[in-house]
Q: 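Structure incoming, see below.
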Amino acid sequence: MSKRIALVTGGTGGLGKAICKQLSDDGYQVIAGYYSGGNHDKAQKFQEEMKAEGYDIALAYGNIRDWASCEACIEGIHKDFGTVDVLVNNGGITRDTTLRKMTPEHWDDVIATNLTSVFYMTRLVINDMLAKGWGRIVNISSINGEKGQFGQANYSAAKAGMYGFTKAVAQEVAGKGVTVNTVSPGYIATSMIMDVPEEIRETIRKDIPVGRFGEPEDIARVVSFLTAESAGFITGANISANGGQYMH
Ligand code: CAA
């Protein structure tokens, strides 16, 4: 039997890379979606690095905040590999600033890239999953969608929006073998959190009961759990992995 296909958006980033490697270890043909403002060289470098580590990760270019670009991305995957069995909506950005300074552009950038993209990509793969009678969708939300965060009205709103989307779609597709869940990472040691000023970052770290930032692999393991064949009864759920920083 040919391998199932897993597409990870933002697949070449800090979290994405760990998810790609994990799903590859789980036996999927993994495709890393990337955009990086059209930086194909960066993606190719990622692919070579993966190859050197023994991972065969394919690449698919697409701007997840643009419907036509998402369509072209999925069409390309159809042509080269087949239909997507596992979609991990992982791509996202931050534009942190307090509300009093937030511009419509800060708002629109984050809502489009972090939330509207989840609709676009899910919409483009869902009918193939329903036709096959099997599929796994994992939306990477955030602790800050659960609790809100100073300086992240846009990001918190987008990440909280993912929960509603996940639970609505989970109900629509549950009877056809497709599950839809969210994972809510806490503060993970990637470049996204390195953008936070050092003194604020240190205050946040002190607030994490396990005493450290998470590792990308801490999240990849949760994605692996939710995408497994045996996880078919888990849908519309959210799994938090935040070192105890937020319990509810
Ligand atoms: N709670 C309450 N007050 C706070 C605060 C907090 N958490 N943080 C800062 N303040 C206060 C400051 O003490 C300061 O007060 P005074 O004016 O009385 O001195 C005031 O707020 C500063 O307000 P400004 O609007 O001037 O803010 P700023 O421009 O200095 O910085 C910020 C704002 C850029 C948002 C900065 O606070 C910041 O980077 N915060 C961290 C945001 C964050 O956690 N981002 C997460 C990135 S990682 C990620 O997103 C991944 C994930 O999913 C977890």
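Worth saying up front: this structure is predicted, and the values here are computed from it rather than measured. Throughout, residue positions are numbered sequentially from 1 according to the sequence presented. Whatever order the structure lists ligands and atoms in, that order sets their numbers, starting from 1.
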Q: Number the atoms of ligand 1 from 1 as they appear, then name those within less than 4.0 Å of a heavy atom of Q149, with their elements.
A: 42 (C), 43 (C), 44 (O)
Q: How close does the nearest protein non-hydrogen atom get to atom 20 (C) of ligand 1, and which residue and atom is it?
A: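 Answer for atom 20 (C) of ligand 1: F150 CZ, 4.2 Å.
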Q: Atoms of ligand 1 less than 4.0 Å from V196 heavy atoms?
A: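 Near V196, the atoms of ligand 1 are 41 (C), 45 (N), 46 (C), 47 (C).
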Q: Do E53 and K21 sit within salt-bridge range, that is, some charged N less than 4.0 Å from a carboxylate O?
A: yes
Q: Please report which non-hydrogen protein atom sits nearest to atom 34 (C) of ligand 1, along with the residue it belongs to and the distance in Å to one decimal place.
A: D96 O, 4.1 Å
Q: Can R221 and E215 be counted as an ion pair, charged N to O under 4.0 angstrom?
A: no
Q: So for ligand 1, is Q152 a polar contact partner (N or O within less than 3.5 Å, distance only)?
A: yes
Q: S141 to ligand 1: N or O pair under 3.5 Å?
A: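 Between S141 and ligand 1 (N or O atoms, distance only) the closest approach is not under 3.5 Å.
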Q: Between D218 and R212, is the closest basic N to carboxylate O distance under 4.0 Å?
A: yes
Q: Could you work out, with salt bridge (Lys or Arg N to Asp or Glu O under 4.0 Å) as the rule, every residue matching D85, not counting sequence neighbours?
A: K132
Q: Below the 3.5 angstrom mark, is there an N/O of N144, backbone or side chain, next to an N/O of ligand 1?
A: no
Q: Which protein heavy atom lies closest to atom 26 (O) of ligand 1, and at what distance to 0.1 Å?
A: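 For this ligand atom, the closest protein heavy atom is K101 NZ, 3.1 Å.
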Q: I need the full list of salt bridge (charged side-chain N to carboxylate O under 4.0 Å, His left out) pairs touching residues 238-248, with sequence neighbours left out, sorted by first then second residue.
A: none
Q: Just to check, does G186 reach to within less than 4.0 Å of ligand 1 when the distance is taken from its heavy atoms?
A: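 For ligand 1, residue contact (heavy atoms, under 4.0 Å) with G186 is present.
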